[in-house]
Amino acid sequence: MTFFSNIWHRIWDTILDNQNKLTTTGGFLLGIIATIGFKDFYPDLEQHFQRRLRNLRGQNIPHPLPGQPDYVRLEDHTRRKSTLVTSRDNDPQRTTQHEIAVGVEGLIGNTPLIKLKSLSEATGREILAKAELLNGAGNSPKDRVALSMINHAEEEGLIKPDRGDTVYEGTVGSTGISLAAVCRARGYKAHICMPSDVSVEKSDLLLKLGATVERVKPASIIDQDQFVNTARRRAQEHTDDPNKPGRGFFADQFENTANYLAHQNTTGPEIFEQTDVDLNAFVAGAGTGGTISGVALALKPRIPGLKIILADPQGSGLFNKVKYGVMFSPTEAEGTRRRHQVDSVVEGIGINRLTANFGAGFELIDDAVKVSDAQAMRMARWLVEKEGLFVGASSAVNLVAAAQVAKGMDRGARIVTIICDSGTRHLSKFWKEAGDIAGGDVECSLEDILSMKT
């Protein structure tokens with residue numbers, strides 16, 4: 001063993017000190033010697049190699065550049081990301097360098113916070129948007145709500161997977177789409193009731209996701225045939241029918257507090273970490289009220305001086321409730337109402353009643369901004385032209401309000417709002433009225449948008 005060890009030490013010194021002098025013949029002989037004695041002198045080889053490495057540490061040893069002779073790419077595989085077992089039986093041998101999301105539920109949450117460059121430059125304040133359209137189930141913040149409601153219902157024993165249970169919900173679209181995706185992933189069916197005047201692409205998408213869609217005439221919440229009341233009734237009918245498998249569960253997004261808890265437990269903390277506590281205002285619209293309440297409850301106690309601002313579309317009564325303590329909209333006045341629901345082309349936010357979810361954070365809301373349909377449509381066009389962002393109606397309302405709030409704050413202030421969904425869900429209604437961009441110039445400045453009559 002000593003004989004081979006001595007030979008190896010000399011060969012190794014020659015390699016390190018005279019690399020360029022090693023000939024093809026020497027390399028061949030080295031291979032033979034190493035092969036014969038490898039088994040016996042490997043421990044000595046390892047010790048010597050480690051000793052040489054310790055001696056060389058800290059020395060500036062030149063290496064050939066890419067493209068030069070003898071160039072070798074060196075990669076450090078010692079710093080690996082934390083591994084995650086991916087096999088079903090928790091086999092510790094099956095790991096990966098990157099975290100792997102599990103199912104569609106794994107695509108919900110942890111959405112990026114993006115800086116809107118043009119809007120920030122135009123206001124002189126930093127406007128950031130939580131890109132909730134990148135949630136991977138239904139592509140909106142309602143993914144968080146859908147998952148939370150189903151998780152809570154399972155924990156309470158109200159539903160069980162794969163026994164025929166059906167989740168019923170009344171929605172103008174986004175919550176239904178999220179529920180349809182999550183239900184399929186979790187072993188449930190979805191039955192969605194929605195107003196007949198909602199953009200048709202939403203009901204089409206629901207059908208493609210395997211949901212049953214029931215479109216009903218727009219009506220006031222006091223009408224038993226209103227879409228939310230219809231969903232509640234259908235769930236009870238299912239449960240009472242002995243010929244239907246499983247039971248019916250009414251998700252009740254407006255009153256189910258699993259809604260705001262989803263945002264208090266996930267959306268708010270994510271914003272807190274992403275802004276590193278450097279935040280002056282949070283701006284969001286309210287339909288069920290879950291997003292603004294949940295985020296307010298998560299952030300306001302932790303960020304001194306933070307302002308929570310409601311973005312409210314025309315026809316909604318929440319603006320007056322926040323500003324003046326009275327739930328009222330001019331479109332509710334006798335002889336002025338043109339339809340039963342909020343009188344706006346904007347879908348998803350705006351309401352004329354208080355919900356349990358909105359009430360959970362109502363006392364934390366500092367102010368409200370009213371946004372007209374015309375402002376929202378101009379902002380949507382402006383975002384395409386300036387940012388390359390194609391957003392839906394509620395997102396446009398949020399961004400008009402965020403810009404308005406920014407103008408009233410000190411320069412350098414930081415405002416966060418929500419991009420809820422893509423404009424692809426609003427083609428037949430909101431974007432039909434907003435019109436095509438067609439490569440033209442921006443029709444108006446941000447100042448023009450903000451100064452438009454509301």
Kindly say whether [Y] contributes a backbone atom to a donor-acceptor pair with the side chain of [X] at under 3.5 angstrom?
X	Y	result
Asn280	Ile415	no
Ser293	Gly361	yes
His152	Ser148	yes
Asn357	Gln253	yes
Glu214	Cys193	no
Asn352	Gly317	yes
Asp366	Ile308	yes
Gln274	Thr111	yes
Asp223	Ala219	no

When the ring planes of His426 and Phe430 are compared, do they come out parallel, tilted or perpendicular, using 30° and 60° as the limits? perpendicular

Anything under 30° is parallel, anything over 60° is perpendicular, the rest tilted; go ahead and classify Phe390 against Trp431. tilted

Would you call [X]-[Y] a salt bridge at under 4.0 Å N-O?
X	Y	answer
Glu347	Lys429	yes
Asp225	Arg233	yes
Lys244	Glu237	no
Glu387	Lys117	no
Glu169	Lys142	no

Using a distance-only test with no angle check, is there a side-chain donor-acceptor pair under 3.5 angstrom linking [X] and [Y]?
X	Y	value
Asn151	Glu155	no
Thr267	Lys130	no
Asp448	Ser445	yes
Ser344	Asp373	yes
Thr291	His263	yes
Ser203	Arg215	yes
Asn259	Thr288	yes

Hey, does Asn320 have a side-chain heavy atom less than 4.5 Å from the side chain of Lys370? no

Does any part of the side chain of Ser428, heavy atoms only, come nearer than 4.5 Å to the side chain of Val200, both counted from C-beta? yes

Nearest 0.5 Å, what's the [atom1]-[atom2] distance between [X] and [Y]?
X	Y	atom1	atom2	answer
Ile150	Ile159	CD1	CD1	5.5 Å
Glu201	Leu206	CD	CG	11.5 Å
Asn135	Asn139	CG	CG	8.0 Å
His238	Tyr168	NE2	OH	5.0 Å
Ile127	Asn398	CD1	CG	11.5 Å

Is the number of heavy atoms from other residues, nucleotides or ligands under 6.0 Å of Asp278 CG greater than 12? yes

Does atom NZ (Lys189) have a neighbourhood of more than 12 heavy atoms from anything else shown, all under 6.0 Å? no

Geometric cation-pi criterion Arg302 and Phe272, 6.0 Å radius, 45° cone: yes

Can you confirm if the NZ or CZ of Arg353 lies within 45° of the ring axis of Phe254 and under 6.0 Å from the centre of its six-membered ring? yes

Intermediate values then yes/no, side chain to side chain contact (heavy atoms under 4.5 Å, CB included), Arg425 and Ser140: CA-CA 11 Å; Arg425 289 186 186 170; Ser140 81; 4.0 Å; yes

How far apart are the C-alpha atoms of Lys407 and Leu450, what are their side-chain angles, what is the distance that settles it, and do they pass the side chain to side chain contact (heavy atoms under 4.5 Å, CB included) test? CA-CA 10 Å; Lys407 285 290 189 178; Leu450 298 182; 3.9 Å; yes

For Leu399, run the side chain to side chain contact (heavy atoms under 4.5 Å, CB included) check against Val283, Leu383, Leu389 and tell me which one passes. Leu383

From the list Asn256, Thr239, Val167, Val228, side chain to side chain contact (heavy atoms under 4.5 Å, CB included) with Phe250 holds only for Val228

I need the single residue from Arg186, Arg163, Lys160 that forms a salt bridge (Lys or Arg N to Asp or Glu O under 4.0 Å) with Glu154. Which is it? Arg186

